[in-house]
S.K.: 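There's a structure below that I have some questions on.
Reckoned from all heavy atoms, side chains included, excluding hydrogens, waters and symmetry mates.
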Amino acid sequence: MRSSLVKAATFALLGLSNVFLGVNGAPMSLSQTGDVKPFDGSYALADLNARGSGKGSGSGSKGSGSSSSKGSGSGGKGRSSKGGSGSSGSSTGGSGTAYAPKQVPDVFRQGGPYKAEKAYIDNGVTTWMVSSHESHIDTIETRHDAQESSITVADAINKEYDSVPKDHGRMYLSDIMMALWNKMEGRLPSELTVIRFDGVIEPDTAAAMDSAEKAMGKQEFTLKSTAKSGSAEKTAFDRIAKSVFGKLTSRILQEFSVGKRISQFEIDQGKALTVTLA
């Protein structure tokens with residue numbers, strides 16, 4: 001867990017800004033439905049809700065909020081409900097839906113409505129604050145080191161504060177995530193090995209995680225794509241793969257030609273969902 005003064009100050013300011021925007025800690029949603037005409041000519045997943053605790057990620061122990069001691073992730077304790085390339089959605093790690101490949105959109109192009117600013121860099125983790133017409137909508141972390149190459153969604157409140165109309169180029173969370181990775185960080189989609197959703201409250205995904213927790217009889221566990229067909233582990237894996245965040249991951253893998261499949265899901269007590277790609 002990181003506890004730098006810089007980080008504390010940053011989130012304190014962010015918290016104040018959210019108060020002024022009317023955020024009071026209640027579950028927020030990100031929803032984008034229907035065909036739209038984005039300014040970059042592409043769009044991604046519909047009906048998303050992601051919200052983490054906003055604590056930020058860190059390498060090392062469970063206190064980081066990742067589902068194991070291996071990865072970085074923001075510590076999120078919220079729990080509620082809801083949330084491309086490689087897999088076409090097979091039983092070995094996909095949502096069952098096929099998506100057409102496309103180029104990574106230039107979400108943060110000069111003159112566009114979306115901006116991404118580095119809030120801080122700590123222990124190899126870069127925290128990005130994403131805004132739409134100056135309104136904060138996402139806190140996303142990127143990491144690339146010997147331990148992992150990851151994108152962590154710590155906070156997403158696009159539905160409430162993304163002021164770009166759906167018919168004028170509103171971007172989806174999957175596009176924003178990959179634009180940070182590829183356009184801002186300069187990383188290839190194929191370098192991505194982990195996608196993490198911190199403090200999941202998105203109803204569909206959270207329900208799948210709750211069901212898996214009951215089936216596995218514990219709060220911290222790993223679900224592998226290679227689990228025996230018909231087993232409790234395989235059933236839980238498939239349900240999460242078909243949840244909103246499972247589909248979002250599969251879409252990223254396919255649309256952006258990552259060249260990997262979902263290998264496993266890790267769930268921790270803080271309700272972080274860590275998706276390992278292979």
S.K.: Which heavy-atom pair separates Pro105 from Ala179 by the least distance, and what is that distance?
M.R.: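 Distance-wise, the nearest heavy atoms are O-CB, 3.7 Å.
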S.K.: Rounded to the nearest 0.5 Å, what's the gap from CD1 on Ile151 to OG1 on Thr142? Could you check?
M.R.: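 Interatomic distance, Ile151 CD1 to Thr142 OG1, rounded to 0.5 Å: 7.5 Å.
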S.K.: Kindly indicate whether the side chain of Thr274, heavy atoms from C-beta on, has any atom under 4.5 Å from the side chain of Thr152.
M.R.: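 The answer is no; the side chains never approach within 4.5 Å.
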S.K.: Should the heavy atoms of other residues, nucleotides or ligands under 6.0 Å from NZ of Lys224 be counted, would the total exceed 12?
M.R.: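 Not buried by this count: 12 neighbours or fewer within 6.0 Å.
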S.K.: Mind checking what makes side chain to side chain contact (heavy atoms under 4.5 Å, CB included) contact with Glu191, not counting sequence neighbours?
M.R.: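 Glu191 satisfies side chain to side chain contact (heavy atoms under 4.5 Å, CB included) with His144, Trp181, Arg187, Leu188 once adjacent residues are dropped.
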S.K.: Kindly indicate, with the supporting measurements, whether the criterion side chain to side chain contact (heavy atoms under 4.5 Å, CB included) is fulfilled by Ile176 and Ile137.
M.R.: CA-CA 11 Å; Ile176 290 172; Ile137 57 173; 4.2 Å; yes
S.K.: Go through Lys271 and Glu213 one step at a time and tell me if the salt bridge (Lys or Arg N to Asp or Glu O under 4.0 Å) criterion holds.
M.R.: CA-CA 10 Å; Lys271 307 311 180 186; Glu213 185 176 299; 2.7 Å; yes
S.K.: Using the salt bridge (Lys or Arg N to Asp or Glu O under 4.0 Å) rule, take Asp238 and Lys242 through it: C-alpha gap first, then chi angles, then the decisive distance, then the call.
M.R.: CA-CA 6 Å; Asp238 289 344; Lys242 293 175 182 178; 5.8 Å; no
S.K.: With a 4.5 Å cut-off on side-chain heavy atoms, are Ser250 and Thr97 touching?
M.R.: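 No. Closest side-chain heavy atoms not under 4.5 Å.
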S.K.: Measuring only between side-chain heavy atoms, which start at C-beta, is Met216 closer than 4.5 Å to Leu223?
M.R.: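 Yes, side chains in contact.
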S.K.: Taking only Lys NZ, Arg NE, NH1 and NH2, and the carboxylate oxygens of Asp or Glu, determine whether Asp175 and Arg251 approach each other closer than 4.0 Å.
M.R.: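 Between Arg251 and Asp175 there is no salt bridge, as every charged N stays at least 4.0 Å from the carboxylate O atoms.
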S.K.: Is the distance between the ring centroids of Phe108 and Tyr114 under 6.0 Å?
M.R.: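 No: the rings miss the under 6.0 Å criterion.
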S.K.: Any side-chain heavy atom of Thr276 within less than 4.5 Å of one from Thr193?
M.R.: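 Sidechains of Thr193 and Thr276: no contact.
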S.K.: Quick one: CG on Asn182 to CZ on Phe256, what's the gap to the nearest 0.5 Å?
M.R.: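 Going from the CG atom of Asn182 to the CZ atom of Phe256 covers 9.0 Å.
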S.K.: If we only count heavy atoms from C-beta on, is the Phe237 to Ser225 side-chain gap below 4.5 Å?
M.R.: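 Sidechains of Ser225 and Phe237: in contact.
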S.K.: Before you tell me yes or no, could you show the steps for Asp155 and His136 under side chain to side chain contact (heavy atoms under 4.5 Å, CB included), namely the whole-Å CA-CA distance, both residues' side-chain angles and the distance that decides it to 0.1 Å?
M.R.: CA-CA 10 Å; Asp155 194 32; His136 173 77; 4.0 Å; yes
S.K.: State, with a plain yes or no, whether a side-chain heavy atom of Gln219 is found less than 4.5 Å away from one of Ile267.
M.R.: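 No, their side chains stay 4.5 Å or more apart.
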S.K.: Can you tell me how far apart CG (Asp268) and CD (Glu220) are? Round to the nearest 0.5 Å.
M.R.: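 Answer for the CG-CD pair, Asp268 versus Glu220, is 5.5 Å.
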S.K.: Do Val130 and Leu180 have side-chain heavy atoms sitting under 4.5 Å apart?
M.R.: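 A side-chain contact exists here, since the closest heavy-atom pair is under 4.5 Å.
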S.K.: Is it true that a side-chain atom of Ser243 and a backbone atom of Thr205 form a donor plus acceptor pair closer than 3.5 Å?
M.R.: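 Side chain of Ser243 to backbone of Thr205, a donor-acceptor pair under 3.5 Å: no, none is there.
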S.K.: Let me confirm one number: the CZ-CD1 distance from Arg143 to Ile121, rounded to the nearest 0.5 Å.
M.R.: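 So the CZ of Arg143 and the CD1 of Ile121 are separated by 14.0 Å.
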S.K.: Asn123 side chain to Val125 main-chain N or O, any donor-acceptor pair under 3.5 Å?
M.R.: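 Side chain of Asn123 to backbone of Val125: no pair is present.
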S.K.: Would you give the length of the straight line joining atom CD1 of Ile140 to atom CE of Met184, rounded to the nearest 0.5 angstrom?
M.R.: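 If I round to the nearest 0.5 Å, the distance is 11.5 Å.
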S.K.: Compare every heavy atom of Lys234 with every heavy atom of Ser229, then report the nearest pair and how far apart it is.
M.R.: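 Heavy-atom minimum between the residues: CA-CG, 4.0 Å.
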S.K.: The test is side chain to side chain contact (heavy atoms under 4.5 Å, CB included); show your working for Trp128 and Lys118 and say whether it passes.
M.R.: CA-CA 5 Å; Trp128 297 89; Lys118 290 183 181 181; 3.4 Å; yes
S.K.: If you measure only the distance, is there a donor-acceptor pair under 3.5 Å linking the side chains of Glu148 and Ser150?
M.R.: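 There is such a pair (donor and acceptor under 3.5 Å, judged by atom type) between the side chains of Glu148 and Ser150.
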S.K.: To check you understand the geometry: which heavy-atom pair defines the closest contact between Lys228 and Ser231, and what is its length?
M.R.: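 Result for this residue pair: O-OG, 2.6 Å.
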S.K.: Main chain of Ala232, side chain of Thr235: is a donor-acceptor contact present, judged purely on distance under 3.5 Å?
M.R.: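 Absent.
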S.K.: For the pair Thr127 (side chain) and Ala119 (backbone), establish whether a donor and an acceptor sit closer than 3.5 Å, ignoring hydrogens and angles.
M.R.: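 Such a contact is absent between Thr127 side chain and Ala119 backbone.
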S.K.: Between CG of Leu248 and CE of Met177, what distance do you get to the nearest 0.5 Å?
M.R.: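 Rounded to the nearest 0.5 Å, the CG-CE separation comes out at 5.5 Å.
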S.K.: Kindly say whether Ser190 contributes a backbone atom to a donor-acceptor pair with the side chain of Lys260 at under 3.5 angstrom?
M.R.: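 Yes, the answer is positive, given that a donor and an acceptor are paired below the 3.5 Å cut-off.
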S.K.: For residues Val164 and Ser132, report the shortest heavy-atom separation together with the two atoms involved.
M.R.: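 In this case the closest contact between Val164 and Ser132 is CG2-OG, 3.4 Å.
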S.K.: How about Asn158 and Asp138: do any of their side-chain heavy atoms sit closer than 4.5 Å?
M.R.: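 A side-chain contact exists here, since the closest heavy-atom pair is under 4.5 Å.
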S.K.: Identify the heavy atoms of Glu255 and Ala100 that sit nearest to each other, and give their distance.
M.R.: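 So the minimum-distance heavy-atom pair works out to CG-O, 3.5 Å.
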S.K.: Is there a donor-acceptor contact under 3.5 Å from the side chain of Ser135 to the main chain of Ser131?
M.R.: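 Checked: no pair found.
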S.K.: Under the side chain to side chain contact (heavy atoms under 4.5 Å, CB included) rule, what do Ile262 and Phe265 come out as? Steps first, then yes or no, please.
M.R.: CA-CA 8 Å; Ile262 297 174; Phe265 294 113; 3.7 Å; yes
S.K.: Can you confirm whether the side chains of Arg239 and Ser211 place a donor and an acceptor under 3.5 Å from each other?
M.R.: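 Distance-only check passes for Arg239 and Ser211.
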